[in-house]
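What you see below is based on every heavy atom in this structure, not just the backbone, and it leaves out hydrogens, waters and symmetry mates. In this text the structure is predicted, and so the values were computed from the model without any measurement.
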Amino acid sequence: MLFPTALPVFLTRCAGLTINYSNVLLVGFLAGPAAAGAYFAAERLAQLAIIPQSVVSSVNQQSMAAAHATDNTANMQKIATQSAHGGLLANTGDRAFTGRAGQPATAPVW
């Protein structure tokens, strides 16, 4: 009786993959496979830039929750400031890596 249990999980996973890659599929449909390949590579490279910010966030979440539970606003402010600085440092490193160090964070890529 594995099939009745596995089929919904399989369909859910396929739907999730379709949603995650729908933008690449749309670019491939509209602009062709070469553009879709370039877009996919650029999107994966952009996802690598998010990793340091995700690490900073996941490390500080427990401390932030503990400070909130004890109503320690001074510690919450300290953790929030450290998180912002850690995210800023990661973003600055990413901008230096991509050659856009002198541009504001909202500057267009092109």
Side-chain angles (χ1 to χ4, degrees):
M1 288 290 153
L2 181 63
F3 186 71
T5 305
L7 184 62
V9 174
F10 174 74
L11 292 176
T12 303
R13 181 70 178 141
C14 288
L17 288 171
T18 303
I19 290 170
N20 286 341
Y21 295 111
S22 62
N23 55 352
V24 178
L25 294 173
L26 185 62
V27 169
F29 178 73
L30 295 175
Y39 179 80
F40 181 77
E43 183 184 27
R44 286 295 177 156
L45 194 62
Q47 288 176 355
L48 286 175
I50 298 172
I51 291 174
Q53 293 173 335
S54 298
V55 169
V56 169
S57 176
S58 65
V59 165
N60 288 335
Q61 283 177 355
Q62 288 181 341
S63 301
M64 182 68 85
H68 184 268
T70 59
D71 208 19
N72 188 348
T73 56
N75 198 19
M76 282 185 4
Q77 179 62 44
K78 178 183 168 189
I79 295 167
T81 303
Q82 289 174 347
S83 296
H85 289 164
L88 178 65
L89 179 63
N91 192 18
T92 304
D94 167 54
R95 298 187 73 70
F97 173 73
T98 58
R100 300 176 58 212
Q103 300 175 3
T106 56
V109 175
W110 59 88

Between CG on residue D71 and OG1 on residue T73, distance to nearest 0.5 Å: 6.5 Å
Cut-off 3.5 Å, no hydrogens considered: what does the side-chain donor-acceptor table look like for residues 23-40, sequence neighbours left out?
residue	atom	partner	partner atom	Å
N23	ND2	Y39	OH	3.2
N23	ND2	E43	OE2	3.0

Side chain S57, main chain S54, donor-acceptor under 3.5 Å: no
Residue Q62 excluded, over 12 heavy atoms near CD under 6.0 Å: no
Exercise: identify the closest heavy-atom pair between S83 and N60: OG-ND2, 2.7 Å
ILVMFWY cluster, I50 and V55 together (side-chain gap under 4.5 Å): no
Steps toward side-chain hydrogen bond (donor to acceptor under 3.5 Å, both in side chains) verdict (Q77, T81): CA-CA 6 Å; Q77 179 62 44; T81 303; 3.2 Å; yes
For M76 against H68, the heavy-atom pair lying closest together: SD-CA, 3.3 Å
